[in-house]
There are 2 protein chains.
Amino acid sequence: MTGLRERKKFATRQALGIAAMRLAIERGLENVLVEDIAAAAGVSPRTYNNYFANKYEAICALATDRAVRAGLALRERPPDEPLWESIRHSVLVEYEGGDPDPEWVAGVRLVTAAPELHGEYLKARRAMEHELADAIAVRTGASAGDLEPVVLAAAVNAATEHAVGQWLEAGGSVPVHAYVQNALCELESLLPVERPIR
Amino acid sequence: MTGLRERKKFATRQALGIAAMRLAIERGLENVLVEDIAAAAGVSPRTYNNYFANKYEAICALATDRAVRAGLALRERPPDEPLWESIRHSVLVEYEGGDPDPEWVAGVRLVTAAPELHGEYLKARRAMEHELADAIAVRTGASAGDLEPVVLAAAVNAATEHAVGQWLEAGGSVPVHAYVQNALCELESLLPVERPIR
DNA sequence: CCAAAAACTGCGCGCCACGCAAATATTCGC
DNA sequence: GCGAATATTTGCGTGGCGCGCAGTTTTTGG
């Protein structure tokens, strides 16, 4: 990742993602052309298509990256930490800085409100589920094909999305962070692990 | 649903969905034009777009319908039946007849193999999750905004998809049915409900 | 500093989503 | 049944998109 090539590539991807989200928020999804996004990121339309196959991928790129990072974060928690605590930390970093930032809030609102984005957004969430499941499997020493890590990851994802939904409905005076933490704690009590996974 | 109008509309939608899936299987996703699907269903290309916004929606239409039906099925189980049994029945009907049918198998393979279809397929699965969650909430008497039904539905979905994945890997000598039933039973033991939900 | 590898770009083509308005089919009150 | 009201289908036209191709520019490794 230290090569100039890779850094530039990543920067372009990120610039496109940010530009796409910004434009979609301020103009509305339908009034953004691929051409606009490319221009805003200082790149030719043709190059845009080397990074993303369509508008929606670009808009969700940030969400995708963040989601994947949650999985990586879990892998890097100290292995002696209780699993639930590790999961809570890994998921919560996703929502750490974002909450008061009005652009972040608008982004969440956009992604949940626009049906055209749902498919892409779900792909991002599922990517996180997979990362989480793998990381959990490593931690619990599960063998390949085991059901438990998969279910656990899915439950975490569902609880998280549910929390965000509740937070959105509530109007946003309390930070998301609190909602998500709450949901994860409640989830923990719903999934009592007989042989306590550490 | 008894009006001629509604029946025709439903028939067209189904014809388009079937045609789309068939063509995609026998030619490969990239070699199917919207025009072809419309023609195969005996409808103008313009009409196609009154039903579906793109190729992928049409291809996944059957999956979507089946997924939603699972939710409805749960609502119609006898309320005195144990909840887990109701869930198992409702989910299993999705996989009842399909398994030996080579076209059904090819469809599952296509949907899981082609990345372009993932977003749409995930939307179908999530629709089922919502239906299941609602039905479960009714059954357990949960109040609006409760986490438990949502998590339960997500877990059921994850277990189901996991089972199908395992079955695909195994090559298909044992029917899917068995895999899914297995996974759901295992899931049941993973989610011991303290105050036993009936 | 140079050759190999990779990324960016312009061009062009076929496909697609959708608004609009005319034609056709279905429903419903009478 | 009949005719008006309401839905659906369809053709046409347009703007936008996805991507293969081939030429140029940039980065890399030696």
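These numbers were taken from a predicted model, which means no experiment stands behind them. Order of the sequence lines fixes the chain letters, A, B, ..., with proteins taken first and strands second; residue numbering starts at 1 for each chain.
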Q.
Atom CD of residue position Glu35(A) - does it have more than 12 heavy atoms of other residues, nucleotides or ligands inside 6.0 Å?
A. no
Q | Neighbour count >12 (heavy atoms, 6.0 Å) for atom CZ, Arg22(B) | A | no
Q: Go through the N and O atoms of the side chain of Arg46(A) and the base of dG20(D), and report whether any donor-acceptor pair is under 3.5 Å.
A: yes
(Q) Does dA7(C) have OP1 or OP2 under 4.0 Å away from a side-chain N or O of Lys8(A)? (A) no
Q: Compare every heavy atom of Ala133(B) with every heavy atom of Pro149(B), then report the nearest pair and how far apart it is.
A: CB-O, 3.5 Å
(Q) Give me the atom names and distance for the closest heavy-atom approach of Tyr48(A) to Ala38(A). (A) CB-CB, 4.1 Å
Q | Residue closer to the 5' end of DNA chain D, Pro45(B) versus Arg5(B) (nearest nucleotide) | A | Arg5(B)
Q) Hey, does the side chain of His118(A) reach the backbone of Thr112(A) with a donor-acceptor pair shorter than 3.5 angstrom? A) yes
Q. Has the side chain of Thr47(B) got a donor or acceptor atom that lies under 3.5 Å from a matching backbone atom of Val43(B)?
A. no
Q. What parts of residues 17-39 of chain B reach DNA chain C, counting only heavy atoms under 4.0 Å away?
A. Leu33(B), Val34(B)
Q. By a strict heavy-atom criterion of less than 4.0 Å, which residues belonging to residues 47-55 of chain A are in contact with DNA chain C?
A. Thr47(A), Asn50(A), Tyr51(A)
Q: For the residue pair Val180(B) and Glu94(B), establish whether any side-chain heavy-atom pair is separated by less than 4.5 Å.
A: no
Q. Which whole-number value in Å describes the distance from Glu116(A) CD to dC16(C) P?
A. 19 Å
Q: Calculate the interatomic distance between Arg13(A) atom CZ and dC8(C) atom P; express it in whole Å.
A: 13 Å
Q: Would you please test Ser90(A) and Arg77(A) for side-chain hydrogen bond (donor to acceptor under 3.5 Å, both in side chains) and show each step?
A: CA-CA 8 Å; Ser90(A) 309; Arg77(A) 297 300 299 182; 5.1 Å; no
